[in-house]
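Have a look at the structure below before the remarks.
Just so it is clear, the values below take in all heavy atoms, side chains as well, and ignore hydrogens, waters and symmetry mates.
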Amino acid sequence: QVPLVESGGGLVQAGGSLRLSCAASGRTPGTYTMAWFRQAPGKEREFVAAISRSGGITNYADSVKGRFTISRDNAKETVYLQMDKLEPEDTADYYCAARFFGRLSSSRYDYPTWGQGTQVTVSS
């Protein structure tokens, strides 16, 4: 498995921005599909965004479309989630995930490798 380490979470006011990073190591860059999921207290983990191996294809949950942007830098083995116009409903622990076979997926069950998560809190 590829170790994944998230960073960039924190406390921000509604309307503000944060950029999350997910650093991967131990595998040839660009050989895995990456995604971000989030889990709010008392709720199930939900899909946020995914990006293809090359970075040319992305997919977003309807709730974040137009506000969040997923990108990757394969040279740095890092995936980013730029979050703008944050809302209190975005408050959650955010996790990055990787899969080495298959295409983009919004199902958490398709991703065998996960990071430890980073907390995002949006105040109203």
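The side-chain tip of R45 does not point at the ring of F37 from less than 6.0 angstrom away and within 45° of straight on.
The backbone N or O of S52 sits nowhere less than 3.5 Å from a side-chain atom of R103 that would complete a donor-acceptor pair. Of the possible polar contacts, none joining the Y95 side chain to the E6 backbone as a donor-acceptor pair under 3.5 Å is found. With R72 contributing its side chain and K76 its backbone, the two residues share no donor-acceptor pair below 3.5 Å. For D110 (side chain) and L104 (main-chain N/O), no donor-acceptor pair under 3.5 Å exists by modelled atom type. Checked by atom type and distance alone, the side chain of T91 pairs as donor or acceptor with a backbone atom of V122 at under 3.5 Å.
Note on L20 and Y60: same hydrophobic cluster, where clusters join Ile, Leu, Val, Met, Phe, Trp and Tyr whose side-chain heavy atoms are under 4.5 Å apart, directly or indirectly. In the hydrophobic cluster analysis, where Ile, Leu, Val, Met, Phe, Trp and Tyr join through side-chain heavy atoms closer than 4.5 angstrom, V120 is grouped together with F68. Both L18 and I51 are members of a single hydrophobic cluster when ILVMFWY side chains are connected at heavy-atom separations under 4.5 Å.
Heavy atoms only, all atoms of each residue included: F100 and R53 are closest at O-NH2, 2.9 Å. R99 and F101 get closest at one heavy-atom pair: NE-O, 3.1 Å. Of all the heavy atoms in S105 and A50, the pair that sits closest is O-CB, 4.1 Å. What you find for A98 and Y111 is that their closest heavy atoms are C-CD2, 3.7 Å. In terms of heavy-atom proximity, W36 sits nearest to S21 at CH2-O, 3.7 Å.
Between R38 and V64 the shortest side-chain heavy-atom distance falls below 4.5 Å. In this structure, the side chains of M34 and L4 come closer than 4.5 Å at one or more pairs of heavy atoms.
To the nearest 0.5 Å, atom OG1 of residue T33 and atom CG of residue N59 are 11.5 Å apart. The distance from atom OG1 of T121 to atom CG of L86, rounded to the nearest 0.5 Å, is 10.5 Å. A distance of 11.5 Å separates CZ in R19 from CE in M83, rounded to the nearest 0.5 Å. Atom-to-atom distance recorded for L81:CG and T69:OG1 is 8.0 Å, nearest 0.5 angstrom. Here the straight-line distance linking atom OG of S124 with atom CD of Q13 works out to 9.5 Å at 0.5 Å rounding. Interatomic distance, CD1 of I70 versus SG of C96, reported as 9.5 Å (0.5 Å rounding).
For K43, the NZ atom is loosely surrounded, since the number of other residues' heavy atoms within 6.0 Å does not exceed 12. For L11, the CG atom is densely surrounded, since the number of other residues' heavy atoms within 6.0 Å is greater than 12. Annotation for Q116: atom CD does not count as buried by contact number, only 12 or fewer foreign heavy atoms lying within 6.0 Å.
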Stepwise side chain to side chain contact (heavy atoms under 4.5 Å, CB included) check, D90 with R67
CA-CA 11 Å; D90 296 317; R67 300 188 298 121; 2.8 Å; yes
